[in-house]
Every structure is written in structure tokens, then in C-alpha cells.
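Only one structure is covered here, and it is reproduced in the block below.
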Amino acid sequence: MTRLESRHYITFYEQDASHNKTLLKFAKLDFNSVLSLYREELRYCTRWWRSVNAIAKIPVRERMAEAFFWILGAIYEPHYCIGRIAFFKVFMVVTLLDDIYDSYGTIEELKLLTKAIDRWDYGCLNDLPEYMKVGYQPTLDIFDELEGLVAKEGKSDCVDYAREEMKRVCRKHLVEARWCSHNYFPMLDEYLNDASLITFGYQLAAAVCYLGMRESNNDAFEWLSKNPNIINAANIVGRLLNDMAGHKSEHKMDHVSSAVDCCMRQYGVTEEKALQELNRRVTDAWKDVNQAMLRPHVMPRPLLNLAVNFCRAVEVVYKDEDTYTTPNHIMKNNITLIMTDPIPI
């Protein structure tokens with residue numbers, strides 16, 4: 001993660017007896033200035049999420065600092081403020097919907113929710129149980145707000161790409177919910193290709209971020225919608241690392257099989273062998289990401305960098321364990337380094 005590495009490098013550089021004092025001071029001032037911007041953005045995002053008040057209707061994962069840390073890993077440049085804040089809002093709502101699909105909704109209720117999201121109509125609120133309304137209304141509000149924000153840049157039509165991706169994520173969540181409800185255990189390839197690569201959500205995240213990036217245009221959204229190799233690879237890295245980090249804790253609850261379980265079933269191997277296979281697939285996906293970066297003419301480089309940085313953030317968040325769902329001391333220290341504590345001048 002670029003910001004985390006920058007913080008560590010400044011500390012390392014200061015310990016070098018031959019460091020340039022003027023350069024070091026400017027590096028610290030720049031880092032602290034951007035850190036102040038992040039704090040203001042997080043303060044705004046926190047107020048927004050508190051106003052949604054989802055916790056009053058349903059027990060949800062309120063991981064605001066952890067979510068923002070992840071987002072900074074993917075899109076950290078100061079001038080992408082709109083993309084960061086939009087990503088945060090969608091991230092929190094998707095986490096809420098993920099919890100509803102995984103843990104709280106019956107199949108019949110989830111069908112209603114998915115149908116409502118497909119229709120994208122505030123009138124559908126009346127058809128939903130109370131606890132689902134707290135996820136449905138903010139979803140519509142976020143994308144309406146985005147249309148207004150990007151209209152002056154001529155990108156209001158591009159919001160439809162992100163909106164359709166949101167609908168697709170929810171449809172695939174329903175697929176996973178049906179598997180779980182019917183005690184159906186998919187093989188690995190079916191698990192990944194029919195649902196779980198989509199529900200990880202990188203394509204949705206990219207579409208939302210692109211709306212806040214001046215380098216994007218209609219061609220970029222068309223390219224994204226075709227799921228090019230670098231986008232598919234980012235989803236593979238994210239989904240497999242997520243599942244490997246969290247599969248043991250998910251065994252304690254009624255949850256769809258993880259990639260580890262599906263791999264063991266498909267190949268008839270032990271958990272250890274399954275983890276080796278999934279790590280091999282992550283390595284291959286990283287090769288696809290790197291290969292795409294050798295052809296930066298395909299799309300503006302900042303749009304490709306987003307995929308690389310997203311994968312880097314996933315590697316940090318899911319290294320050995322799921323530090324988003326269950327933050328540990330490493331996650332808390334990383335948040336402190338890039339979001340709360342300035343470097344002493």
C-alpha cells in the first residue's frame with residue numbers, strides 16, 4: 001500500500017545519516033497535509049453512516065475506519081476525493097446488504113429485496129420488511145447523489161454502469177443464499193464463476209471509483225463492463241484471499257461454502273492442499289495483473305493502477321486473517337500510521 005510504504009520509508013530515510021533535511025521536512029509536511037485531508041473525509045463519511053443509522057434496525061459490521069483504510073489502499077491520491085467518498089458509501093452499504101443476504105433474510109424476503117433493487121424504485125420500499133429498508137433506501141440515494149456530482153463532467157450517464165453492477169452483485173448474493181438455504185455445495189469453478197467473483201465486488205468498486213476519476217469516460221466504462229483480464233484477476237485475488245482468511249470463522253455460522261471448502265470437494269484433497277491450490281491461483285491472477293500493466297495503452301494508467309492498488313490493499317487486509325471483520329493490532333496500527341497520527345516534524 002503506497003501510503004503505508006511512504007510512512008515507513010520516511011521513517012527509514014530519517015535514520016539515514018546522509019538524509020537531506022530540507023527534502024525530509026517537505027516529505028513530512030506533504031504526508032501530514034494529506035493525512036489531514038483523509039481525516040476530514042473520514043469524519044464526513046462517519047457522520048453520513050451515523051445518519052443512515054443501520055445499527056438501529058439490524059446488527060451490522062460497523063467498520064468505518066477499516067473500510068476507509070482499505071479504500072485508501074486502492075485510491076489514495078488527494079484529487080480523487082469524490083471517488084473515495086463514493087467508494088466508502090457503496091462499501092458500507094454493500095457490507096450491510098452482504099450481512100442481510102448471508103445472515104438475516106429468508107429466501108422469500110431476499111427475493112423481494114433483489115426484485116426491488118432490479119426495479120430501482122423508491123416505491124418498492126413499501127414491499128420490504130423494515131430491516132431491509134435501511135439497506136435499500138441508502139443504496140438508491142447514493143447513486144442519485146452520484147448522478148448530481150458527476151453531471152457537470154458529463155458523466156451522469158456513466159452512473160448507469162455502476163447501478164447495473166450493483167444490481168448484478170445483489171442477484172449473485174441471492175444465488176449464494178439459495179445455495180446455503182438448499183444445502184447445496186458447489187464445486188470450486190461453479191462457486192467462483194456463477195456467483196462469488198461477482199459478489200466480491202471489485203467491478204462495482206471500480207465503476208464507482210471511475211466516476212470520481214477525471215481519466216475515465218464512456219469508453220472506460222464499456223471496457224470495464226466486458227470484464228477484462230485485469231478486472232477478473234483483481235476479483236480472483238480478492239475473493240480467494242478473503243475466503244482463505246475467513247473460512248474457519250465462517251464454519252461457526254450458517255454460511256455458503258468458502259472457496260476452500262469448494263476446492264477440497266472438487267479435487268478431493270485436504271484443507272492444506274486446497275490452500276496450496278488457491279494460493280497458486282492467486283499467484284496466477286497477480287501475473288495477469290502484472291501482464292496488463294505492461295500494456296498501459298489499453299486504458300489510462302490511473303484506471304489500471306486502481307486494480308493493482310486494490311489487490312495490494314487486499315493482501316494487507318487479508319494477510320493470514322480477516323482483519324476487516326475482526327480488526328487486530330496490526331490493522332489498528334496501520335490505521336494510526338496513515339489516518340490519525342501525523343509524523344512529528
Side-chain angles (χ1 to χ4, degrees), residues 45-64 66-67 86-147 159-160 162-186 191 194-196 198-201 203-205 207-208 242 246 249-258 322 324-326:
C45 289
T46 301
R47 285 198 300 267
W48 168 80
W49 181 246
R50 295 300 186 204
S51 72
V52 172
N53 199 25
I55 196 70
K57 298 288 181 68
I58 185 172
V60 295
R61 288 174 286 172
E62 292 206 310
R63 303 285 186 266
M64 288 164 284
E66 291 80 9
F87 188 2
F88 176 89
K89 291 182 176 182
V90 171
F91 192 110
M92 295 301 291
V93 167
V94 167
T95 298
L96 170 57
L97 292 174
D98 179 55
D99 288 345
I100 290 173
Y101 276 98
D102 279 355
S103 305
Y104 302 113
T106 67
I107 286 297
E108 291 308 312
E109 289 172 340
L110 295 176
K111 286 179 182 176
L112 284 176
L113 177 59
T114 308
K115 182 178 178 181
I117 289 174
D118 268 333
R119 289 181 60 187
W120 209 269
D121 183 348
Y122 284 98
C124 293
L125 278 167
N126 297 325
D127 301 327
L128 297 175
E130 283 298 317
Y131 78 94
M132 285 186 170
K133 293 178 182 180
V134 77
Y136 184 71
Q137 180 160 348
T139 301
L140 272 58
D141 290 345
I142 290 166
F143 287 88
D144 286 351
E145 179 188 15
L146 271 173
E147 273 188 319
V159 176
D160 285 337
R163 190 179 283 116
E164 288 304 313
E165 202 55 45
M166 186 76 191
K167 294 177 182 180
R168 192 161 72 115
V169 167
C170 290
R171 291 186 206 116
K172 295 304 184 180
H173 270 306
L174 181 60
V175 171
E176 292 183 337
R178 282 175 169 149
W179 286 346
C180 190
S181 175
H182 298 154
N183 291 318
Y184 177 72
F185 305 106
Y191 169 79
D194 288 7
S196 293
I198 304 304
T199 58
F200 186 74
Q203 220 156 341
L204 170 61
V208 171
N242 175 299
S249 62
E250 289 175 355
H251 282 171
K252 300 175 184 177
M253 60 187 78
D254 191 17
H255 196 280
V256 68
S257 297
S258 72
D322 181 353
Y324 172 69
T325 301
T326 311

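Residue indices begin at 1 and follow the sequence shown. Remember, it's a predicted structure, so these values are computed and weren't measured experimentally. Computation of the quantities below employed the complete heavy-atom set of this structure, encompassing side-chain atoms and omitting hydrogens, waters and symmetry-equivalent molecules.
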- Task: Could you grab the distance from atom CD1 of I107 to atom OG1 of T114, nearest 0.5 Å is fine?
- Result: 9.0 Å

- Message: Quick check: closest heavy atoms across V208 and F87, and the distance to 0.1 Å?
- Response: CG1-N, 3.6 Å

- Give the minimum heavy-atom separation between W49 and V93, together with the two atoms involved. CZ3-N, 4.5 Å

- Task: Report yes if the side chains of V94 and L204 come closer than 4.5 Å at any heavy-atom pair, otherwise no.
- Result: yes

- Could you give me the CA-CA distance, side-chain angles and deciding distance for D98 and V169, then say whether side chain to side chain contact (heavy atoms under 4.5 Å, CB included) is met? CA-CA 10 Å; D98 179 55; V169 167; over 6 Å; no

- Message: Assess the residue pair T199 and V175 against the criterion (side chain to side chain contact (heavy atoms under 4.5 Å, CB included)); give the C-alpha distance rounded to whole Å, side-chain angles, the decisive distance to 0.1 Å, and a yes or no.
- Response: CA-CA 10 Å; T199 58; V175 171; over 6 Å; no

- Query: CG of L128 to CD1 of I117: how many Å apart, nearest 0.5 Å?
  - Reply: 8.5 Å

- Note on the structure: Rounded to the nearest 0.5 Å, the CZ atom of F88 sits from the CH2 atom of W48 at a distance of 6.5 Å

- Note on the structure: Between L110 and A177, the two heavy atoms sitting closest are CD1-CB, 3.6 Å

- salt bridge (charged side-chain N to carboxylate O under 4.0 Å, His left out): pairs with one or both residues in residues 171-182, sequence neighbours excluded: D118-R171

- Query: Run the side chain to side chain contact (heavy atoms under 4.5 Å, CB included) check on R163 and D144 step by step: do they pass?
  - Reply: CA-CA 10 Å; R163 190 179 283 116; D144 286 351; 4.0 Å; yes

- Item | Gap separating the CD atom of E145 from the CG atom of L140, nearest 0.5 angstrom | 13.0 Å

- Message: Could you work out, with salt bridge (charged side-chain N to carboxylate O under 4.0 Å, His left out) as the rule, every residue matching D127, not counting sequence neighbours?
- Response: none

- Minimum-distance pair of heavy atoms, taken over all atoms of E109 and Y131: OE1-OH, 2.6 Å

- Heavy-atom check, side chain of C124 versus side chain of Y136, under 4.5 Å: yes

- Note on the structure: Heavy atoms of V90 and I142 approach each other most closely as CG2-CG2, 3.9 Å

- Query: What closest approach, in Å, do A86 and L146 show between heavy atoms, and which atom pair accounts for it?
  - Reply: CB-CD2, 3.6 Å

- Can any side-chain N or O of T139 pair as donor or acceptor with the backbone N or O of G135 at less than 3.5 Å? yes

- Item | Interatomic spacing from CD in E66 to CE in M64 - rounded to 0.5 Å | 8.5 Å

- Between CG on residue L96 and CD1 on residue I100, distance to nearest 0.5 Å: 4.5 Å

- Message: Can you tell me how the ring of W179 sits relative to the ring of Y184, calling it parallel under 30°, perpendicular over 60° and tilted otherwise?
- Response: tilted

- Heavy-atom donor-acceptor pair, R63 side chain to Y324 backbone, under 3.5 Å: yes

- Message: When you measure from the side chain of Y104 to the backbone of M132, do you find a donor-acceptor pair of N or O atoms at a distance under 3.5 Å?
- Response: no

- After noting the C-alpha distance and the side-chain angles of C170 and L97, does the key distance pass the side chain to side chain contact (heavy atoms under 4.5 Å, CB included) rule? CA-CA 8 Å; C170 290; L97 292 174; 4.0 Å; yes

- Contacts of type salt bridge (charged side-chain N to carboxylate O under 4.0 Å, His left out), residue D121, not counting sequence neighbours: R119

- So with a 6.0 Å cut-off around NZ of K133, is the heavy-atom count from everything else above 12? yes

